[in-house]
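As structure tokens, the structure follows; a few thoughts come after it.
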Amino acid sequence: MRLSSLLIVSLTFLAAAGLSLIAAGFAVTGVERSTEIAVRRTLDETRKDWAEVTADGLQVILNGTAPDEATRFTALSVVGGTVDAARIIDLIQIAPTADLAPPRFSVEILRNDSGISIIGLIPTGTDRAAIVEQLSGLVREERVTDLLETASYSTPAGWIDAMGYAVSALRYLPRAKISVVSGLVTITAISDSREEKQALEKTLTRAAPPGLRLSLDIAAPRPVITPFTLRYHIDEAGGSFDACSAESEASRDRILAAAKLAGQTNTPSCVIGMGVPSPNWARAAELSIASLAQLGAGSVTIANADITLVATVDTSPELFDQVVGELEAALPKVFALHAVLPEPEADTQGGVPEFTATLSPEGLVQLRGRLSDETLRHLVDSYAKARFGSDSVYTATRVVSDLPTNWPVRVLTGLEALSQLQRGSLLVTPDNVNLRGMSHQEEATAEIAKLLSAKLGEAESYALDISYEEPPEPEDKPVEPEVCEAELASIQEAGKIAFEPGSATIASQSRDTMDAIAAILERCGDMRLEIQGHTDSQGREEMNQNLSQARAQSVLNELRARRVPTSSYAAKGYGETNPIADNGTEEGREQNRRITFHLIRLEQGPEQESTLDAAAAENAEDLSTPETPDTTEQELPGQ
């Protein structure tokens with residue numbers, strides 16, 4: 001009886017436990033299902049349908065393949081907003097990425113008075129130590145800042161040539177920035193003058209490897225003009241400048257506009273430079289030119305802050321006094337005006353004293369006229385021989401007393417100005433220095449005007465009539481590269497370079513053509529030239545490419561055999577990629593089988609605005625405001 005009671009109790013407990021387990025199982029299944037449904041709904045709403053969800057008790061297991069790491073992290077964050085993040089088991093995979101493209105290798109080199117800095121990313125195949133060693137040879141080693149980084153990728157085509165050229169170019173550039181990428185070098189530099197800029201461009205172009213693209217942006221600073229000079233004259237033919245200087249483009253435009261209103265007849269030019277004596281230079285020039293226009297004839301010269309206004313002999317004294325008075329009142333304070341109204345020449349028994357010098361095209365000089373004493377005659381003779389050559393001077397002057405005290409200065413200054421001409425004549429009188437002639441320099445008139453203004457003084461008048469002629473071409477001057485390119489193309493129109501069928505051997509009938517091409521290239525001098533080989537489309541593309549390269553190289557070798565300097569030439573085959581005719585006909589295929597000569601031109605560098613230009617533009621309104629009241633300016637006729 002007792003055993004059966006214990007058995008019943010045990011069975012009851014076992015049944016209760018079994019029912020509890022069954023109930024718990026149903027509860028866990030319900031929780032898992034609800035969790036899966038909630039997480040699945042969240043993933044679907046956020047468009048993460050690539051993820052798979054499995055609930056295992058309280059744990060949420062995420063499977064699937066995410067396209068990238070960012071998407072995987074987003075999916076985990078989204079699920080973490082639905083269930084406790086501690087319950088999430090992350091089994092998400094990341095889709096394998098394609099091979100990474102190599103980085104863009106580039107280097108920038110900066111050189112100035114402080115040293116050289118080099119920064120950028122280079123391939124591991126670049127000899128970094130050699131580059132730093134070469135740079136250290138230009139400046140002291142401690143002044144080279146090496147900020148290069150390397151990447152384990154193969155060296156791209158054209159990289160070695162570009163880096164080698166960039167480092168070697170620094171020998172000529174004490175102040176420069178050089179940017180290097182594969183096959184392209186961009187150089188930004190500063191030179192001391194226009195002449196140095198041209199020499200640098202020629203040297204750098206000649207030194208560049210033929211296959212390298214080159215961009216040059218070499219700036220020449222604005223010249224320092226001393227004295228800062230402007231000279232404008234009006235005669236029966238109209239108005240024209242002998243010299244014109246301005247400190248900015250805005251100032252130049254104002255001066256040229258004033259000259260146009262005053263009757264400018266020729267195409268004026270105005271040199272922009274440094275050394276302006278006042279920010280009101282343009283205003284003073286405008287007023288002076290307008291005043292001269294009121295007089296109708298004469299000249300006005302501005303040398304720094306000194307203004308000399310010279311009228312003609314027949315100018316009305318009343319008009320002269322009125323114009324001079326108004327101009328003096330209107331000029332900015334820093335400028336000083338000296339006005340000259342010549343008096344009619346009085347007849348004298350001895351005539352007007354004068355000194356003359358003539359310079360022939362052959363360089364022979366004759367000196368005649370009056371000098372004040374024997375010492376001056378010896379000085380003039382010696383000075384002329386020093387300027388023109390001892391065997392080129394013939395002196396036939398005479399000593400006369402009572403000459404002006406400034407006669408020696410006028411004579412010697414006139415001879416210095418005459419020495420800047422190829423041919424011409426000088427006439428010195430008490431009232432004027434007259435210089436006529438021809439020069440091979442376009443700026444000769446302006447330079448001589450500055451010379452006479454500086455040395456004769458503000459009260460002295462002078463007249464210039466100087467023409468410009470192109471200098472004769474030297475007999476051995478190289479032909480321009482563009483002309484050479486055109487002549488090479490013309491030669492092949494008469495007889496193209498032909499090859500033996502299927503080979504790179506130049507046909508015997510093309511020897512005369514090669515001789516003619518060599519003769520042209522010998523006259524062309526230094527230039528970067530690419531000899532291009534082209535084929536038709538017959539045969540395999542790779543075979544045509546190799547054949548075109550071999551033929552271009554064969555032409556280059558033939559030119560070397562004819563002693564043509566080819567250090568700046570390159571041979572390149574283009575295969576069938578650039579047809580000029582239809583490959584479907586025999587005539588078209590014949591035209592496509594060709595050799596062309598292509599001039600490698602400089603890349604265009606970026607145009608950079610001058611700081612001075614920007615400042616001038618910003619201050620243009622301030623510069624246009626005169627120091628004197630507006631009422632005074634309005635009273636000046638002709639404004």
Side-chain angles (χ1 to χ4, degrees), residues 227 229 231 233 235 242-243 298-301 303 306 308-313 338 340-360 363-389 392-439 444-467:
T229 306
R231 178 176 169 82
H233 71 269
D235 54 22
D242 287 336
S299 67
V300 61
T301 304
D306 296 321
T308 302
L309 178 66
V310 181
T312 56
V313 174
H338 180 83
V340 178
L341 178 60
E343 297 181 358
E345 296 182 0
D347 293 333
T348 58
Q349 184 175 1
V352 177
E354 61 181 34
F355 171 85
T356 63
T358 57
L359 172 63
S360 71
L364 301 178
V365 177
Q366 291 188 359
L367 307 179
R368 302 180 184 276
R370 306 180 186 185
L371 297 174
S372 55
D373 54 45
E374 194 64 40
T375 301
L376 178 60
R377 179 158 64 179
H378 176 72
L379 177 60
V380 167
D381 181 71
S382 300
Y383 183 80
K385 288 179 178 179
R387 283 281 180 176
F388 301 99
S392 302
V393 177
Y394 172 75
T395 302
T397 57
R398 64 191 184 96
V399 175
V400 177
S401 58
D402 299 330
L403 290 175
T405 55
N406 61 354
W407 194 259
V409 175
R410 297 166 69 83
V411 169
L412 293 173
T413 302
L415 287 176
E416 183 178 354
L418 181 65
S419 67
Q420 299 187 26
L421 304 180
Q422 269 59 52
R423 63 174 184 269
S425 63
L426 168 69
L427 174 63
V428 179
T429 63
D431 299 323
N432 196 34
V433 174
N434 191 304
L435 184 65
R436 300 173 179 270
M438 182 277 294
S439 174
T445 301
E447 294 299 324
I448 291 174
K450 288 191 290 184
L451 169 68
L452 296 179
S453 298
K455 294 195 174 183
L456 294 182
E458 64 179 50
E460 301 295 336
S461 64
Y462 57 87
L464 301 176
D465 183 10
I466 300 171
S467 61

Is any side-chain heavy atom of H338 closer than 4.5 Å to a side-chain heavy atom of D306? no

Minimum heavy-atom separation for A463 to N432, with atom names? N-OD1, 3.7 Å

Taking all heavy atoms of S439 and all of A444, pick out the closest pair and write down the distance. OG-CB, 3.3 Å

For T375 and D373, indicate whether the former's side chain and the latter's backbone hold a donor-acceptor pair under 3.5 Å. no

Rounded to the nearest 0.5 Å, the CG atom of D242 sits from the CG atom of D465 at a distance of 9.0 Å

Residues at least two apart in sequence or cross-chain that pass side-chain hydrogen bond (donor to acceptor under 3.5 Å, both in side chains) with E416, listed by chain then number, are K455

Over 12 foreign heavy atoms within 6.0 Å of CZ, R436: no

Taking the side chain as everything from C-beta on, heavy atoms only, tell me whether I448 gets closer than 4.5 Å to I466. yes

Could you list the residues that satisfy salt bridge (charged side-chain N to carboxylate O under 4.0 Å, His left out) with D235, not counting sequence neighbours? none

Looking at every non-hydrogen atom in both residues, tell me the closest pair between S392 and G363 and how far apart they are. CB-O, 3.4 Å

Check for a donor-acceptor pair, side chain of S461 on one end and backbone N or O of D431 on the other, with a separation under 3.5 Å. yes

With sequence neighbours left out, the residues meeting side-chain hydrogen bond (donor to acceptor under 3.5 Å, both in side chains) with R410 are E460

Just by distance, do the side chain of R377 and the backbone of T397 share a donor-acceptor pair under 3.5 Å? yes

I need the minimum non-hydrogen distance between A384 and L367, along with the two atoms involved. CB-CD1, 3.8 Å

According to side-chain hydrogen bond (donor to acceptor under 3.5 Å, both in side chains), who are the partners of S360, at least two apart in sequence or on a separate chain? E362

Taking the side chain as every heavy atom from C-beta outward, state whether L403 and R370 have any atom pair closer than 4.5 Å. yes

Going by the side chain to side chain contact (heavy atoms under 4.5 Å, CB included) test, name the single residue among L412, V393, V411 that passes it with Y383. L412

Give, for atom CD of Q422 and atom CG of L359, the distance between the pair rounded to the nearest 0.5 Å. 8.0 Å

T301: side-chain hydrogen bond (donor to acceptor under 3.5 Å, both in side chains) partners, not counting sequence neighbours: R231

Pair S453-Y462, side-chain donor/acceptor within less than 3.5 Å: yes

To the nearest 0.5 angstrom, please state how far the CG atom of L435 sits from the OG1 atom of T413. 11.5 Å

Working to the nearest 0.5 angstrom, can you tell me the gap between R368 CZ and T356 OG1? 7.0 Å

Which atom pair, heavy atoms only, marks the closest approach of G414 to L426? C-CD2, 3.3 Å

Would you check if the side chain of W407 reaches a backbone N or O of F355 as a donor-acceptor pair within less than 3.5 Å? no

Where is the tightest heavy-atom contact between L418 and G424, given as atom of each residue plus distance? CD1-C, 3.8 Å

When rounded to the nearest 0.5 angstrom, what distance separates OG in S372 from CG in D402? 10.5 Å

Under a 4.5 Å cut-off applied to non-hydrogen side-chain atoms, are V380 and L371 in contact? yes

With sequence neighbours excluded, tell me which residues meet salt bridge (charged side-chain N to carboxylate O under 4.0 Å, His left out) with D381. K385

